[in-house]
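Okay, so here's the structure we're looking at.
Atoms within each ligand, like the ligands themselves, are counted from 1 in listed order. For clarity, every value in this text was computed on a predicted model and none was experimentally measured.
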Amino acid sequence: MTGATRKRPGMPQAGTAICTVDYIENPGARGFVFGQGKERFDMFLVRTGHQVRAYVNECPHAFTPLDTWPDRFLTQDETRIICSTHAALFRIEDGYCTSGPCAGKSLIPLAIEIRDGTIYMA
Ligand code: FES
């Protein structure tokens, strides 16, 4: 299991299957949306090798989704997470913002687990 956060509206229940690990490029990232309206919940997964991390898709600067273009969460060299709005950069491993207008803040991590090649909310 990785990450942990408080329950948010629309957040899938623990045990909800998100996707298979192979659905995400390596390295790569994918965004997912659950619910709609006030119950809408946006998240994304980042894969590097056998590691997969999950974050709420919300930049700590302006609280907008990071991906202006669907599933474009990583820098061109695929070593950092980038917010496309004002180019804040975040470490993949813990979501910490290393540069940009929200430097020093972090993405909100989500608890996930991988069983038999499938990623689940934990
Ligand atoms: S909204 Fe992400 S850097 Fe401004």
Side-chain angles (χ1 to χ4, degrees):
M1 186 190 327
T2 61
T5 192
R6 284 184 298 142
K7 182 94 173 120
R8 290 180 144 214
M11 188 172 151
Q13 299 280 343
T16 301
I18 308 299
C19 67
T20 62
V21 172
D22 290 342
Y23 182 67
I24 310 167
E25 287 187 36
N26 184 20
R30 291 269 194 176
F32 299 87
V33 176
F34 295 89
Q36 53 190 316
K38 290 183 179 177
E39 296 290 313
R40 180 182 165 122
F41 181 77
D42 286 68
M43 62 177 285
F44 68 101
L45 301 174
V46 183
R47 178 182 178 191
T48 52
H50 297 295
Q51 293 280 334
V52 180
R53 292 173 176 85
Y55 296 103
V56 175
N57 186 7
E58 180 182 273
C59 182
H61 176 222
F63 304 103
T64 56
L66 281 78
D67 58 330
T68 301
W69 301 275
D71 300 323
R72 297 288 298 273
F73 293 97
L74 298 181
T75 54
Q76 278 196 326
D77 66 1
E78 300 175 318
T79 61
R80 299 280 173 134
I81 296 166
I82 185 167
C83 175
S84 57
T85 306
H86 305 111
L89 296 174
F90 304 85
R91 292 192 299 234
I92 290 173
E93 60 268 29
D94 59 5
Y96 181 79
C97 182
T98 57
S99 72
C102 46
K105 295 185 177 176
S106 295
L107 300 171
I108 299 169
L110 295 167
I112 56 169
E113 59 185 354
I114 301 172
R115 281 183 272 127
D116 298 327
T118 298
I119 303 162
Y120 297 88
M121 296 299 289

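- Taking every non-hydrogen atom of Thr85 and a distance limit under 4.0 Å, the qualifying atoms of ligand 1 come out as 1 (S).
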Worked check of side chain to side chain contact (heavy atoms under 4.5 Å, CB included) between Thr79 and Ile92: CA-CA 7 Å; Thr79 61; Ile92 290 173; 5.6 Å; no
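- Interface of Cys83 with ligand 1, defined as ligand atoms under 4.0 Å from a residue heavy atom, comprises 1 (S), 2 (Fe), 3 (S).
- Shown in contact with Ala62 at under 4.0 Å from a heavy atom are these atoms of ligand 1, numbered in order with element: 1 (S).
- Neither the backbone nor the side chain of Leu66 has a heavy atom within less than 4.0 Å of ligand 1.
- In summary, the side chains of Asp22 and Thr20 do not present any donor paired with an acceptor at a separation below 3.5 Å, with no hydrogens or angles considered.
- Side-chain atoms of Asn26 come within 3.5 Å of backbone atoms of Gly49 as a donor-acceptor pair (strictly under, hydrogens ignored).
- Taking 4.0 Å as the cut-off, Gly100 does not count as a neighbour of ligand 1 on heavy-atom distance.
- For ligand 1, the atoms sitting less than 4.0 Å from at least one non-hydrogen atom of Pro101 are 3 (S), numbered in the order shown with element in parentheses.
- Near Ala88, meaning under 4.0 Å from any of its heavy atoms, are these atoms of ligand 1: 3 (S).
- Annotation for Glu25: atom CD does not count as buried by contact number, only 12 or fewer foreign heavy atoms lying within 6.0 Å.
- Counting atoms of ligand 1 from 1 in the listed order, those under 4.0 Å from a heavy atom of Cys59 are 1 (S), 2 (Fe), 3 (S).
- Of all the N, O or S atoms in His61, the one closest to atom 4 (Fe) of ligand 1 is ND1.
- Between the side chain of Asn57 and the backbone N or O of Leu66, at least one donor-acceptor pair lies under 3.5 Å.
- Atom numbering of ligand 1 starts at 1 in the shown order; those under 4.0 Å from a heavy atom of Thr64 are 1 (S).
- The heavy-atom pair separating Glu58 from Leu107 by the smallest distance is O-CD2, 3.8 Å.
- Judged by distance alone, the side chain of Arg80 and the main-chain N or O of Leu89 form no donor-acceptor pair under 3.5 Å.
- Residue Cys102: no N/O/S atom is found under 2.8 Å from atom 2 (Fe) of ligand 1.
- The protein heavy atom nearest to atom 3 (S) of ligand 1 is His86 CB, 3.3 Å.
- Ring geometry for Phe41 versus Phe34: interplanar angle of 30 to 60°, hence tilted.
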